[in-house]
Amino acid sequence: MIKISFPDGSSRDYESPVSGLSIAQSISPSLAKKCVAVKVDGELRDLNRPFSHDAAVQLVTETDPAALEILRHSAAHLLAEAVRSLYPAAKFGVGPAIEEGFYYDIDLGEVVLTEGDLPAIEKAMQKLAAENKAVVRREASKAEALAIFDSDPYKTELIGALPEGETITLYSQGNFTDLCRGPHLPSAKWLRYFKLTSLAGAYWRGDSKNKQLTRVYGTAFYTEKELADYLFLVEERKKRDHRKLGKELGLFMLSEFGPGFPFWLPKGMILRRELESFWYKVHLKEGYQLIQTPIMLNKDLWVISGHWMNYRENMYTSTIDDMEFAIKPMNCPGGMLVYKRDIHSYKDFPLKVGELGLVHRHEASGALNGLFRVRNFTQDDAHIFMTEDMIVHEIQELVRLYEYMYSVFGLSYHIELSTRPLEKYIGDIATWDRAEKALADALNAIGKPFKINPGDGAFYGPKLDFKLRDSMNRIWQCGTIQLDMNLPERFDLTYIDANGEKKRPVMLHRALFGSIERFIGILIEHYAGAFPTWLAPVQVKVIPVNNAFHLAYGKELIKQFIDNDLRVEIDDREEKLGYKIREAQTLKIPFQLVLGDKEVLDRTVTYRRYGEQEQTTLPIADFIALVKSEKPKSN
RNA sequence: GCCGGAAUAGCUCAAUGGCAGAGCAACUGAUUUGUAAUCAGUAGGUUGCAGGUUCAAGUCCUGUUUUCGGCACCA
């Protein structure tokens, strides 16, 4: 007899051996039907895998988050089985579950798969799933596994990398067998609501030196409704795409004459300038000084900074009077020269110097993506010079500032600590270790959780990355705080300490939005183009009911609005009211004012907010005050 | 950069290898309108670019540029 305990604290005795399934059946047959896996002492296992020891058991049903991953993982196997049936020569790489579904990487040899082939594969999957073959787990030694997969070079490579003596598990459904850690669904009967979504190339083992395989993406759910909801969400995301909205709302454009170099249109320029003004205001209040450094500087400077050695392939260069120059990919070296202009005292610290600096980076052509990934962008940069013992406090101050700024936009984020790169880095390892520790200490001291991202630091120092999640559910790096003990050394920065001696300062590089361009792209999608009043390019649209009787009043109003710094447009076209209202709505203007006899007579305005039906009538001055009041809370 | 799609009017999209079209926007006129599209007319194009095949190319082929979905890289 063995003792099985359950999450609710109860326990029961069983005849050994048991399995998740037999336990579930002993409780209730209907429960057994809903179970897809089992957690034994916290370890996720196949439902029908027997065991014979006392254990804490948790049955995993369809609604458990772990169950979705299992479903998708099994869907990936089903995909592979279907592909093998249609393309017998296919060689398989890996096929994991991912956040929104699953994929399988496949080498199809000479065969080129297109999106048009997906329905046929999907159909084959459905047919195989309907056969409801049992999924069988078995264990094998390394030698056995190598023999089984001897015609699958990718699988043998994976098996070869496993440590000697490790038990290798295989899962079979029908005559299709895959190398897999598991667990899996007990059978394919659960696989009903899935869809193959897209196709892409992907490097074997994620390394661009390796061959590229064909990756088939799909998603799967337990219910038809969840699948439909997901597909609906994907459509909704497309509607929010900042490239589409940017075009429709006249915010920015891209030209094939300058791939990756965005053009700002008048409406986008207003949005951008509002955002920058806000940034300047907040930073002045936080005690920052502001500078601007040149776009282009002599190569010798980049040699000193280390960029020439470590960042050369991303830099644009040119020759001026027979001397080589580079367009800045970062603002820091220029900032260093500004620091060196003066002698600094410890009393000046922390010295916070900000710059909205336009940088250019030669990004890979395939990486370009609207405003999210461009070749020139404005970093909302700052360099903070200080003594080493000020680091922890300054980082805490920054985290507080970032938290405030993101909260203004209602954006959520998480922090990652990126450590020293394995190859390209400057300075000695002890200095790096100290810097990494300082960053971690600062976050720990204020209880901010963070994840470690090994080897992802900048070449000159470790960094904290602030990752924002956009409406497309993609994660974007925005804010960053980088601790640099190397550049001050390379530029021989000094300050005078309390004893009158020259000392070396440390420096933080930091950007809050990261890139103004990317941040605006995120905002466009976040707000779906319906910006808060303070950012909206046009805040108020004035619509006279009948130009003959109401236009004069409208013109009088917009003069008053403009005098009060409201951004306003008047629609004086000879169109029906409904037509003009529709347009104001599609342009997502926060306030639309309809002027008719009533308003002219009472000298009032009647407004309707974007997205609402309610109409409100106010005296002119009250309306102006209302619009002006819609500003971000202050820091 | 790599793999696979796509590129036609300002926008969204049609067009068996056989006369390049529609809707919206623009412009003109009529209509004078109270909360999401009034009616009629006009104009708009070297089908991304460069070659090729063909009696004939938006359509087929080659190259190239841009762009989309990923991969790799990254703010």
Side-chain angles (χ1 to χ4, degrees), chain A residues 103 105 108 112-117 197-217 238 241 243-244 247-248 250 253-260 311 313-314 329-330 359 361-381 418 456 458 463 465-468 476-480 482 509 511-519 521-522 541 543-551 573-587 592-599 606-608 610-615:
Chain A
Y103 67 77
D105 285 348
L108 289 156
V112 175
L113 221 52
T114 68
E115 305 246 343
D117 298 318
T197 50
S198 65
L199 210 56
Y203 297 108
W204 168 238
R205 310 193 91 174
D207 187 335
S208 60
K209 292 191 211 61
N210 289 340
K211 182 172 176 175
Q212 209 160 43
L213 309 180
T214 302
R215 176 171 294 180
V216 181
Y217 282 95
K238 280 188 196 151
D241 189 315
R243 294 167 298 195
K244 178 176 165 340
K247 193 184 273 183
E248 288 171 5
M253 61 174 253
L254 290 158
S255 159
E256 68 179 283
F257 289 102
Y311 208 72
E313 63 273 24
N314 284 299
M330 297 186 196
V359 298
R361 297 182 185 176
H362 181 74
E363 298 294 341
S365 58
L368 302 179
N369 176 297
L371 294 179
F372 283 162
R373 198 70 186 275
V374 291
R375 284 179 172 157
N376 76 346
F377 58 97
T378 308
Q379 283 186 311
D380 63 319
D381 218 339
S418 295
D456 213 33
K463 55 183 185 167
D465 289 326
F466 290 70
K467 309 262 179 173
L468 300 188
W476 288 101
Q477 174 159 347
C478 290
T480 178
Q482 310 179 348
H509 307 244
L512 204 162
F513 294 149
S515 138
I516 299 284
E517 287 76 4
R518 174 178 292 179
F519 195 73
I522 290 169
K541 181 75 121 185
I543 304 174
V545 171
N546 183 333
N547 282 345
F549 305 108
H550 313 124
L551 183 59
R573 293 174 301 175
E574 295 295 345
E575 290 288 353
K576 293 194 83 157
L577 184 61
Y579 179 88
K580 297 200 264 193
I581 284 168
R582 180 185 148 77
E583 189 178 273
Q585 291 290 317
T586 56
L587 292 173
Q592 78 186 27
L593 301 189
V594 174
L595 306 180
D597 292 343
K598 190 160 66 83
E599 287 77 16
T606 299
Y607 72 83
R608 181 177 138 188
Y610 172 74
E612 292 180 8
Q613 294 302 317
E614 192 190 350
Q615 295 164 39

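Quick note on labels: first sequence line is chain A, next is B, and so on, each numbered from 1.
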Quick one: look up who [N] pairs with, Watson-Crick or G-U, both distances under 3.5 Å, and put none if it's unpaired.
N: U35(B); answer: none
N: G17(B); answer: none
N: A26(B); answer: U42(B)

What is the distance, to the nearest angstrom, from the [atom1] atom on [X] to the [atom2] atom on [N]?
X: Asn314(A); N: A75(B); atom1: CG; atom2: P; answer: 10 Å
X: Asp207(A); N: C2(B); atom1: CG; atom2: P; answer: 16 Å
X: Trp204(A); N: C2(B); atom1: CH2; atom2: P; answer: 22 Å
X: Leu595(A); N: U35(B); atom1: CG; atom2: P; answer: 14 Å
X: Glu574(A); N: G29(B); atom1: CD; atom2: C1'; answer: 12 Å
X: Phe377(A); N: C73(B); atom1: CZ; atom2: C1'; answer: 13 Å
X: Leu254(A); N: G48(B); atom1: CG; atom2: P; answer: 19 Å
X: Asn547(A); N: G34(B); atom1: CG; atom2: P; answer: 13 Å

Please work out if [X] contacts a base, only the sugar-phosphate, or nothing of the nucleic acid, heavy-atom cut-off 4.0 Å.
X: Thr606(A); result: base
X: Glu614(A); result: nothing
X: Val112(A); result: sugar-phosphate
X: Gln615(A); result: base
X: Ala367(A); result: base
X: Glu115(A); result: nothing
X: Gly596(A); result: base
X: Arg518(A); result: base
X: Ala364(A); result: base
X: Glu248(A); result: nothing
X: Ser515(A); result: base
X: Ala202(A); result: sugar-phosphate
X: Gly206(A); result: sugar-phosphate

Under-4.0 Å side-chain N/O to phosphate OP1/OP2 contact, [X] with [N]:
X: Lys247(A); N: G10(B); value: no
X: Arg573(A); N: A26(B); value: yes
X: Tyr610(A); N: U35(B); value: no
X: Asn369(A); N: G69(B); value: yes
X: Arg243(A); N: C11(B); value: no
X: Ser365(A); N: G1(B); value: yes
X: Lys463(A); N: A75(B); value: yes

Self-check item: Donor-acceptor pair under 3.5 Å, Arg215(A) side chain vs C71(B) base
Solution: no
Quick check for you: among [options], whose closest atom lies nearest to any side-chain atom of [X]?
X: Tyr217(A); options: U32(B), C71(B), U65(B); answer: C71(B)
X: Glu256(A); options: U66(B), A72(B), G34(B); answer: U66(B)
X: Thr114(A); options: C74(B), U33(B), G4(B); answer: G4(B)
X: Val594(A); options: A75(B), U66(B), U35(B); answer: U35(B)

Self-check item: Residue closer to the 5' end of RNA chain B, Gln585(A) versus Arg361(A) (nearest nucleotide)
Solution: Gln585(A)
Quiz item: Want to settle it: does Gln212(A) or Tyr311(A) sit nearer the 5' end of RNA chain B, counting the closest nucleotide to each?
Solution: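 Here Gln212(A) is the residue nearer the 5' end.
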Could you tell me how far [M] sits from [N] if I compare only their [atom1] atoms? Round to whole Å.
N: C19(B); M: U32(B); atom1: C1'; answer: 43 Å
N: A57(B); M: A50(B); atom1: P; answer: 15 Å
N: A14(B); M: G23(B); atom1: P; answer: 16 Å
N: G17(B); M: A30(B); atom1: C1'; answer: 45 Å
N: G1(B); M: G21(B); atom1: P; answer: 38 Å
N: A26(B); M: G58(B); atom1: P; answer: 31 Å
N: G70(B); M: U8(B); atom1: C1'; answer: 27 Å
N: G18(B); M: U54(B); atom1: C1'; answer: 12 Å

Quiz item: Out of curiosity, Ile581(A) CD1 to Gln592(A) CD, how far, rounded to the nearest 0.5 Å?
Solution: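 Reported value, rounded in 0.5 Å steps: 5.0 Å.
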Quiz item: Does a side-chain heavy-atom distance below 4.5 Å link Arg518(A) with Gln477(A)?
Solution: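 Answer yes - side chains close enough.
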Quiz item: Do we see a donor-acceptor contact under 3.5 Å between the side chains of Glu599(A) and Thr606(A)?
Solution: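 The criterion, which ignores hydrogens and geometry beyond distance, is satisfied for Thr606(A) and Glu599(A).
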Quiz item: Glu517(A) and Thr378(A): side-chain donor and acceptor closer than 3.5 Å?
Solution: yes
Quiz item: Is there aromatic stacking of Tyr203(A) against A72(B), centre distance under 5.5 Å, plane angle under 30°?
Solution: no
Exercise. Report the relative orientation of the aromatic rings in Phe372(A) and Trp476(A); use parallel for angles under 30°, tilted for 30 to 60°, perpendicular for over 60°.
Key: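 If you compare the ring of Phe372(A) with that of Trp476(A), the planes turn out tilted.
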Quiz item: Do any pairs count as a salt bridge (Lys or Arg N to Asp or Glu O under 4.0 Å) and have a residue in residues 363-379 of chain A, sequence neighbours left out, and if so which ones?
Solution: Glu363(A)-Arg373(A)
Quiz item: Salt bridge between Asp207(A) and Arg205(A), side-chain N to carboxylate O under 4.0 Å?
Solution: no
